[in-house]
Chemist: 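Structure incoming, see below.
It should be emphasised that the depicted structure is a prediction, and the values quoted were computed from it without experimental measurement. Scope of the values below: all heavy atoms of this structure, side chains included, with no hydrogens, waters or symmetry mates.
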Amino acid sequence: MPLYSRTEAETVVTTVSAQLEKSIASPPQSSATAKRPHTLIITDSDSDNDQLVRNLKPDHSSAFTFSESLSDNTNVPPSKKQKDSHFESGVDDDFQTPMKAPILQPNLLECTSDTKIIPGLNLAGRKVHPMFANKTTGQKPSSDTVATSVVENSVDNLKTEKKAADSMKAGGAPDNNINDEESGNSIDSALKLIDSSDSVASWKKNDPVPYSALCKTFDEIEATTKRGISDKIFPHGFASLAKIVVTICPEYEGKELGIGDSILMKAVANATGRSISNIKSDCDKVGDLGTVAEVSKKKQMTFGVGKILTVDKVFATLKEISGISGSSSQAKKIERINSLLVNCKGSETKFLIRSLEGKLRIGLAEKTVLVAISHASIISNIECKAWSKEKLERELESGTAILKQVLEKKKLTFHPYSELPNYDIIIPALAEHGIKKLHEICKLTPGIPLKPMLAHPTKSLTEVLDRFENINFICEFKYDGERAQIHQLEDGTINIYSRNSENLSVKYPDIMQMLPDVIAPGVTSFVLDCEAVAWDIKKKCILPFQVLSTRKRKDVAVEDIQVAVCVYVFDILYLNGKSLITETLRSRKESLKKSFFEQEGKFTFAKALEASSVDEIQTFLDESVAGNCEGLMVKTMDDGSTYEPSIRSKNWLKVKKDYLTGIGDTLDLVVIGGYFGKGKRTGWYGGFLLACYDDDSETYQSICKVATGLTEENLKQFYELFEPYKIDVPPSYYQFSDVPNIRPDVWFKPVQVWEVKAADLSISPVHHAGKGLCDPSKGISLRFPRFIRVREDKGPEQATNAEQVATMYRAQNLNSASGNVLEDDF
DNA sequence: ATCACATGGCC
DNA sequence: GTTTTGT
DNA sequence: ACAAAACGGCCATGTGAT
C-alpha cells in the first residue's frame with residue numbers, strides 16, 4: 001500500500017479508506033475468504049483536506065540533512081541552566097522520593113526537536129542509518145528546519161535500513177551502498193524521495209513538534225506488521241521517542257485519566273454532532289472507536305481553520321484531564337477532550353482517541369520503544385558519532401563493541417530500565433552518560449519498584465524436566481494472592497509495590513506494621529519479592545484470592561482490617577545497600593533466611609523443595625493444591641538463576657494443575673450469545689456467552705464468557721456457523737443478568753456445546769449457573785475460562801448441568817478445607 | 001441515602 | 001490472568 | 001522466544017442519577 005506517495009490530502013484520504021478497507025474487507029491478515037458481517041459506506045467529504053495540505057506541507061526551501069543536525073549537536077555542551085532542569089530537579093529529587101514508574105516530567109516533554117535541550121541526542125529522521133551520517137558532510141548545512149518525523153517510506157528504504165541493521169548485527173562492515181555519497185546512495189535517494197513527495201512533516205527548528213508528525217509515524221507503524229525497530233520508529237529521534245512513550249501510556253504521575261469507552265463515546269458524539277447510539281453501532285461495525293471518530297469527523301462540515309495541535313499540547317491536556325475529579329468531572333473531561341478533537345485532522349483524531357483508550361493498536365508498545373531508545377541513543381551518542389569508519393568497523397568486530405551488544409542483546413538499556421523503570425531518570429542519564437555507563441547510573445534503588453520476574457506456563461511435568469535437564473532447580477508453592485514487592489530504604493521508610501509498580505503501602509498497613517518484627521538485627525535496607533495471601537486467623541489457613549480482593553484499598557486503618565494477610569516471601573533482590581539480582585537464587589535464598597525471621601500467619605518463607613524426580617515434584621504439586629495454592633513455581637537454583645526482570649522476562653516456570661492436559665476443571669457449555677469483536681477481531685464475534693443446562697427448570701443459565709483459546713480459524717468459522725441461529729430476543733428459558741457487560745450483542749439458539757477449561761469456580765455476582773445451590777442467591781462462574789474444542793458429540797441438553805457445576809464448586813472447596821497442610825518446615 | 005454504571009486494577 | 005499470532 | 005493484542009471474573013472506588 002503506497003502510503004504517502006501522493007499529495008498529503010490524498011494520502012490522508014487514502015489512509016482512512018485503507019484502514020476501513022482493512023477493517024472491513026480483510027482484518028487480521030486473514031485470507032479474507034470469510035464473508036464479512038458488516039458493510040460500511042463511507043462518503044468522503046474533503047472539506048478539510050485543504051487545511052491539511054496547508055498545515056502539513058513541507059518546507060522545501062530549507063531541506064534538512066543529517067550531517068547538519070549531527071554536527072550541530074556534537075559540540076553543544078549543555079548550558080548550566082538546562083542541566084539544572086534535567087538533573088537537579090528531574091533526577092536528584094526523584095531519587096529521593098519514592099515513586100511509581102513510568103513517570104515523565106514536563107521538563108522532559110519539553111524536549112522538542114531542538115537539539116539544545118538534550119544535547120547530542122537529537123536525531124533527524126532519515127532512512128539511512130544515522131550511524132553513517134557523519135560521512136555525508138557534502139550535504140548543505142544551511143537550514144533552520146528540523147524534520148524529526150519523516151514518514152516517507154518506500155519499500156526500498158525499509159529494505160535499505162534493514163540491511164544496514166543486519167550488517168551491523170553480523171558485525172560486518174557496513175554495506176557500501178548504504179552510506180556512501182558517491183554512488184546512487186540512499187541518502188540522496190531518500191532526500192530525493194522527500195523532495196519529490198509531499199509527505200514530510202516538518203517544522204521550524206525551535207517550534208514544538210506537531211501532533212500530526214507523531215500520528216503520521218503511528219500510521220506508518222500501523223501499516224506494517226514488522227516489529228523491527230529500525231523499520232518503525234528509528235526516524236523519530238531520541239526526544240520524540242520520549243514523547244511516544246508518553247502517548248502510549250495515558251497516565252500522568254500515576255494518576256489515571258478516568259476515561260473509558262463510555263465517556264469517550266460521549267465525547268466523540270459530542271464533537272462530531274452525532275448521536276451516541278450511532279457512534280456505538282458504527283463502533284460495532286468498525287471495531288475501533290478511533291477510526292469511527294476519524295470518519296465521523298471527516299463527514300462533518302467544518303468551518304475555519306483549526307489550530308495546529310502539538311505533541312506538547314496534547315500531553316498537557318492529558319495531564320490536565322488526569323487532575324480533574326469530583327462533581328461534574330466527567331463533563332469537564334469531555335470538554336477537554338473536545339478542545340483537542342476540534343483541532344484534530346486526519347489520523348490525529350484516531351490516535352488521540354486510541355491514546356485515551358490506552359491502546360494504540362499499532363503493533364508496537366513500550367518494550368519496542370525501549371529498544372528504539374537504545375538504538376537512537378547509541379547512534380546519536382557523541383563518542384559514536386565521532387568515530388571514523390575504521391574505528392566503527394573495529395568496534396563492530398570487537399566482541400565488546402557497545403553497538404554489537406545493544407543490537408544483539410538489547411541488554412544495556414533493558415536491564416537498567418527494568419531495575420529502575422523511570423524514564424525521567426533513564427533518558428537524561430542516557431543523554432548525559434551514554435548507554436555504556438547506563439547500568440552504573442540506573443541501578444536497582446529501594447523506593448523505586450523494579451519490574452518483577454514472571455513465569456512461563458508449563459504444560460506438563462516432563463516439560464519442566466526437559467527444560468531444566470541437568471540443572472539444579474527448586475520448586476516452590478505458587479500462592480494465590482497478590483504480588484508484593486517490599487522495599488525498605490536506608491532511612492527506614494517501607495514501601496510495598498504491586499506487580500505493576502503501583503504503590504500498595506496504603507492498602508497493607510498491617511504488613512508495614514508487622515515487618516519490623518521479622519527483620520534480623522543489622523539489616524538496614526532491602527527489597528523483597530513476595531506474595532500477600534489472605535489468611536484465616538482462626539483456622540490458620542490460606543484463604544482464596546477472592547477473599548483477599550475484598551480488602552479495602554484506600555484509607556485502610558489497621559484496626560478495621562477484615563481480611564488478614566500472610567506474606568509469603570520467596571526472593572530478596574537487595575540487601576543492606578547492595579543489589580543481589582546478579583547473584584544466584586541459592587545465594588539469595590541464603591541471604592533471605594539469614595536476614596528475616598518467620599512469624600506464623602504473618603511472614604513466612606514460601607514452601608520450597610529442591611526436587612529432582614517427577615514423582616517428588618508430582619507429590620509436591622498435589623500438596624500445594626491441597627494447601628489452597630495454585631501449583632508450583634520452578635526456578636533454576638545455580639546456573640542462570642540471576643534475577644533478570646525484562647530480558648528473560650519469563651525465566652521461571654509455573655505449573656498449575658489446570659495447565660496439565662487432561663487435568664483441571666473442564667466443562668461442556670452451551671453457546672447462547674456473541675459479542676462483536678474489536679481491533680484484531682473486528683467483523684467477527686470476539687467473545688461468546690456460555691451457559692450450563694439446568695435440568696430442573698429446563699433453562700440455560702449463564703456461567704461465563706469465553707474469548708481466549710479461539711484461533712482465527714475458529715472465529716471465522718463460528719461467525720458463519722451462528723449466522724442462521726441468531727435470534728432477536730433471548731428466550732424465556734435463558735437465565736442471565738441483563739446488565740450492559742453481560743447482555744450479548746447477538747443472541748443465539750442453543751445449538752452448540754463447547755468444552756471449556758477453567759482454573760477455578762467462583763461464586764458470581766452476575767452469572768446464574770447453579771443459582772441457589774452453593775449460595776442462597778448467587779450463581780457460579782469460572783476463573784480464567786478458555787475454549788478447548790467443540791463437542792460435536794453433545795447436544796445442548798447434554799451440556800454440563802447446574803447440579804454438576806455446583807458439585808464441582810463444592811469439591812474444589814472441600815478439597816482445600818481438608819488439606820490444611822501448611823505447617824512450614826522450610 | 002441508595003442504586004447503577006464506569007473505571008482501574010488485581011488475578 | 002490465558003491464549004494466539006507474527007517476527 | 002518474544003512482544004503484542006485479543007479477551008476472561010471480580011472487587012473497591014468514584015460519579016451521576018434516582
Side-chain angles (χ1 to χ4, degrees), chain A residues 27-30 224-228 231 251 255-266 287 324-331 333 358-371 410 454 456-457 480-484 498-500 502 504 507 531-532 544-556 630 646-651 654 656 658-659 675 677-682 684-690 703-715 739-742 756-767 780-788:
Chain A
Q29 294 90 34
S30 72
T224 171
T225 55
K226 289 197 188 71
R227 208 197 309 145
D231 297 353
E251 186 179 280
K255 299 204 71 174
E256 320 82 46
L257 293 179
I259 300 278
D261 270 353
S262 184
I263 293 182
L264 267 182
M265 279 199 205
K266 270 190 212 167
I324 302 175
S325 69
S327 190
S328 71
S329 56
Q330 295 192 354
K333 285 176 182 175
K359 30 178 100 176
L360 243 25
R361 291 212 260 239
I362 55 177
L364 177 153
E366 195 180 7
K367 284 250 174 69
T368 308
V369 173
L370 201 58
V371 177
K410 65 188 183 185
L454 304 173
H456 183 82
D480 189 10
E482 181 172 21
R483 191 86 175 250
S498 76
R499 177 193 146 113
N500 297 312
E502 299 279 341
L504 297 179
K507 183 177 174 183
E531 191 83 6
F545 176 79
Q546 224 180 333
V547 174
L548 180 74
S549 67
T550 63
R551 274 182 69 117
K552 283 188 65 172
R553 292 166 193 170
K554 296 184 168 176
D555 304 319
V556 183
E630 289 185 292
S646 282
I647 301 163
R648 286 241 184 289
S649 56
K650 296 189 168 176
N651 221 8
K654 54 179 165 183
K656 293 168 67 169
D658 56 294
Y659 296 158
Y675 305 86
K678 299 194 173 183
K680 283 200 289 196
R681 299 198 175 171
T682 301
W684 297 313
Y685 300 114
F688 298 86
L689 182 61
L690 305 181
I703 183 166
C704 70
K705 295 195 274 188
V706 74
T708 186
L710 298 149
T711 62
E712 281 187 13
E713 191 57 36
N714 290 146
L715 292 168
V739 293
N741 190 34
I742 294 292
V756 166
K757 195 171 226 185
D760 281 308
L761 288 86
S762 56
I763 295 294
S764 172
V766 286
H767 287 290
I780 292 164
S781 186
L782 306 182
R783 191 184 190 195
F784 311 143
R786 57 264 199 192
F787 171 85
I788 300 295

Chemist: Counting side-chain heavy atoms from C-beta on, which of B:dA6, D:dC10, C:dT2 comes nearest to A:Pro740?
Modeler: B:dA6
Chemist: Pick base, sugar-phosphate or nothing for A:Phe787, based on heavy-atom distances below 4.0 Å to the nucleic acid.
Modeler: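 Result for A:Phe787 = nothing.
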Chemist: Using a cut-off of 4.0 Å on non-hydrogen atoms, how would the nucleic acid contact of A:Lys266 be classed: base, sugar-phosphate, or nothing?
Modeler: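 Contact class for A:Lys266: none.
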Chemist: May I ask you to say what A:Lys333 touches in the nucleic acid, namely base, sugar-phosphate or nothing, with a heavy-atom cut-off under 4.0 Å?
Modeler: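 Contact class for A:Lys333: none.
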Chemist: In this structure, how many angstroms lie between the P atom of D:dA3 and the CG atom of A:Leu364, rounded?
Modeler: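 Computing the A:Leu364:CG to D:dA3:P distance gives 12 Å.
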Chemist: Excluding sequence neighbours, so at least two apart, what forms side-chain contact (heavy atoms from CB on, under 4.5 Å) with A:Gln330?
Modeler: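 For A:Gln330 the side-chain contact (heavy atoms from CB on, under 4.5 Å) partners, ignoring immediate neighbours, are A:Ile263, A:Lys266.
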Chemist: Excluding sequence neighbours, so at least two apart, what forms side-chain contact (heavy atoms from CB on, under 4.5 Å) with A:Lys656?
Modeler: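 Partners of A:Lys656 by the side-chain contact (heavy atoms from CB on, under 4.5 Å) criterion, ordered by chain and then number, come out as A:Lys478, A:Glu630, A:Asp658, A:Tyr659, A:Phe784.
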Chemist: Distance check needed: C:dG1 P versus A:Phe784 CZ, whole Å only.
Modeler: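 Atom-to-atom, A:Phe784 to C:dG1, this comes out as 7 Å.
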Chemist: Holding to ring pair (Phe, Tyr, Trp, His ring centres under 6.0 Å), I want the full list of residues that pass it with A:Phe787, two or more places apart in sequence or in another chain.
Modeler: A:Phe718, A:Trp754
Chemist: Rounded to the Å, how far apart are A:Glu482 CD and D:dG9 P?
Modeler: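 Rounded to the whole Å, the gap is 20 Å.
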Chemist: Quick check on DNA chain D: between A:Ser781 and A:Arg361, whose nearest nucleotide comes earlier from the 5' end?
Modeler: A:Arg361
Chemist: Is A:His767 touching bases, backbone alone, or none of the nucleic acid, heavy atoms closer than 4.0 Å?
Modeler: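 Sugar-phosphate contact only.
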Chemist: Counting the atoms with a prime plus P, OP1 and OP2 as sugar-phosphate, which does A:Asp261 contact under 4.0 Å by heavy atoms, base, sugar-phosphate, or nothing?
Modeler: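 Contact class for A:Asp261: sugar-phosphate only.
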Chemist: Check the phosphate of B:dC10 against A:Ser498, side-chain N and O only, distance under 4.0 Å to OP1 or OP2. Yes or no?
Modeler: yes
Chemist: Encode nucleotides 11-18 of chain D as B, S and - characters from 5' to 3', where the letter depends on protein heavy atoms closer than 4.0 Å: B to the base, S only to sugar-phosphate, - to neither.
Modeler: BBSSSS--
Chemist: What's the spacing between A:Lys333 NZ and A:Ser325 OG if we round to 0.5 Å?
Modeler: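 The OG atom of A:Ser325 is 7.5 Å from NZ of A:Lys333, to the nearest 0.5 Å.
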Chemist: Rounding to an integer number of Å, can you tell me how far A:His456 NE2 sits from C:dG1 C1'?
Modeler: 15 Å
Chemist: Ignoring backbone atoms, establish whether A:Tyr675 has a side-chain N or O less than 4.0 Å from OP1 or OP2 of D:dC7.
Modeler: no
Chemist: Tell me what A:Lys650 touches on the nucleic acid: a base, only sugar-phosphate, or nothing, going by heavy atoms under 4.0 Å.
Modeler: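 Answer is nothing: A:Lys650 stays at 4.0 Å or more from every strand.
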Chemist: Between A:Thr708 and D:dG8, does any side-chain N or O lie under 4.0 Å from OP1 or OP2?
Modeler: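 No, no such contact exists.
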Chemist: Answer yes or no: does a side-chain N or O of A:Asn500 lie under 4.0 Å from OP1 or OP2 of B:dC10?
Modeler: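 Indeed, a polar side-chain atom of A:Asn500 lies that close.
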Chemist: With a 4.0 Å cut-off on heavy atoms, is A:Gly687 in touch with a base, just the backbone sugar-phosphate, or nothing at all?
Modeler: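 Result for A:Gly687 = nothing.
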Chemist: Under the rule for side-chain contact (heavy atoms from CB on, under 4.5 Å), what residues qualify as partners of A:Arg361, not counting sequence neighbours?
Modeler: A:Asp288, A:Arg354, A:Glu357, A:Lys359, A:Lys678
Chemist: Quick one: A:Phe688 CZ to D:dG9 P, roughly how many Å, whole number?
Modeler: 14 Å
Chemist: Have a look at A:Leu782 and say if it touches a base, only the backbone sugar-phosphate, or nothing, with a 4.0 Å heavy-atom cut-off.
Modeler: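 Answer is sugar-phosphate: A:Leu782 comes under 4.0 Å of backbone atoms only.
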Chemist: Please identify each residue that fulfils side-chain contact (heavy atoms from CB on, under 4.5 Å) with A:Leu504, with sequence neighbours left out.
Modeler: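 side-chain contact (heavy atoms from CB on, under 4.5 Å) check on A:Leu504 returns A:Glu482, A:Ile496, A:Ser498, A:Lys507, A:Tyr508.
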Chemist: To the nearest 0.5 angstrom, please state how far the CD1 atom of A:Ile703 sits from the CG atom of A:Leu782.
Modeler: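 Rounded to the nearest 0.5 Å, the CD1-CG separation comes out at 4.0 Å.
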Chemist: The side chain of A:Glu502 is closest to which nucleotide in this list: B:dC11, D:dA6, B:dG9?
Modeler: B:dG9
